[in-house]
> 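My questions all concern the structure below.
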Amino acid sequence: MNNSDHSLNIVRRPRRNRLSPSIRALTQETRLLVSDLVAPLFVKETGGEPEPITSMPGQFRYNVADLVKECGELEALGIPAVALFPQISDKHKDDVGSYALAEQNVLFAAIKAVKEAHPELVIISDVALDPYTDHGHDGLVDEKTGIVVNDATVEILCKLSVALVESGADIVAPSDMMDGRIGAIRTALDESGYINRGILAYSAKFASAYYGPFRDAVGSKKSPDAPPLDKRNYQLNPANAREAMLEAQLDEEEGADMLMVKPAGLYLDIIAQMRQQTNLPVAAYQVSGEYAQIHAAAEKGWLNLESTRDESLLAIKRAGADFILTYFAKDIARILAE
Ligand code: PBG
């Protein structure tokens, strides 16, 4: 067909910049790099084969030796950091999460082993009590009110943070949402001489339905069909953006080195606002439910796995995230290495 017969009288034709793969490459504003990626990994107390996590296809709970191997592969692909989570046996759980500080806590052994084998790989270690409590909450629960007790929980988190960096963690990432924990942990680390270990604050962690598969993975659910744990007395209300900015401001004032938004894909506005508010690096956590959702739809043939995955991560980066915790880290790193 002849264009000139039907030409609109317009000067601006933005499509000129999209007409070929080469020009699209030139004009692309955001790119996902392997250096943007942090791989969350699960470690189990028991030996044996890696256990597949049903609701997170392609993800496993590793024994310590296999975890070290996996970290080696991730590092070889160029991934700069891993975030480690333990799965603790029910018999080691109690209502105050005592096992968090037990010398035998597998997380300490895992961090030591990974650091020894791969000293350059940054180890981010989550700080919260949910893997260790029988009720699955991130802290101590007041029996009368059912509310998580703030200050006594923070005291334990400080000890846990020191123990984690003693084992070799480079960065501790408190995911508990207690008030004042960043300042308290900073003081505890400094007083123990760990002035160069960082804090990645889960500043804007929302009480989200999207953590379900993770709770399966770490076994912080009472039973497979138990209703989702209600963490609304500490995690943020998904309706609140200003409150998220307040949390970010407080964490920055208290000495956080980096801030995080979690979940990521549904909270792009929060990522963008936080990027504006702070000069600290802003991380985003594409959580288990976001990963599971893409996989489930792809399994049904309703969405294309690769393109949905890539778009979900690009959108998080475009919103302003400096780096992204994602269960897709290895897949993406492999593609970028091709
Ligand atoms: C717990 C913690 C959670 C996640 C990371 N740390 C779950 C929760 O708050 O219940 C979720 C991660 C994910 O869903 O991938 N402190």
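Numbering of ligands and ligand atoms starts at 1, following listing order. Residue numbers run from 1 in the order of the sequence given.
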> Taking ring pair (Phe, Tyr, Trp, His ring centres under 6.0 Å) as the cut-off, I'd like each qualifying pair that reaches into residues 161-200, sequence neighbours left out, listed once.
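Sorted result for residues 161-200: empty, none.
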> Could you verify whether a donor N or O on one side chain and an acceptor N or O on the other, from Gln286 and Ser312, lie under 3.5 Å apart?
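Yes - a donor-acceptor pair under 3.5 Å links their side chains.
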> My understanding is that only residues two or more places apart in sequence, or in another chain, count here; which of them pass salt bridge (Lys or Arg N to Asp or Glu O under 4.0 Å) with Arg61?
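By the salt bridge (Lys or Arg N to Asp or Glu O under 4.0 Å) rule, Arg61 matches Glu51.
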> Using a strict cut-off of under 4.0 Å between a residue heavy atom and any atom of ligand 1, list the qualifying protein residues by chain and number.
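Answer by chain and number: Phe85, Asp126, Ala128, Asp130, Asp138, Ser175, Lys205, Tyr210, Tyr211, Phe214, Arg215, Lys231, Gln235, Lys262, Tyr285, Val287, Ser288, Tyr327.
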> When you compare the side chains of Glu253 and Gln249, does any donor N or O come within less than 3.5 Å of an acceptor on the partner?
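Indeed, the side chains of Glu253 and Gln249 share at least one donor-acceptor pair under 3.5 Å.
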> Checking Tyr291 against Gln59 for the side-chain hydrogen bond (donor to acceptor under 3.5 Å, both in side chains) test, could you report, in this order, the C-alpha distance in whole Å, the side-chain angles of both residues, the deciding distance, and whether it holds?
CA-CA 10 Å; Tyr291 178 83; Gln59 302 299 309; 3.2 Å; yes
> Tell me every residue that passes ring-ring contact (aromatic ring centres under 6.0 Å, His included) with His118, counting only those two or more places apart in sequence or in another chain.
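So His118 forms no ring-ring contact (aromatic ring centres under 6.0 Å, His included) with any residue.
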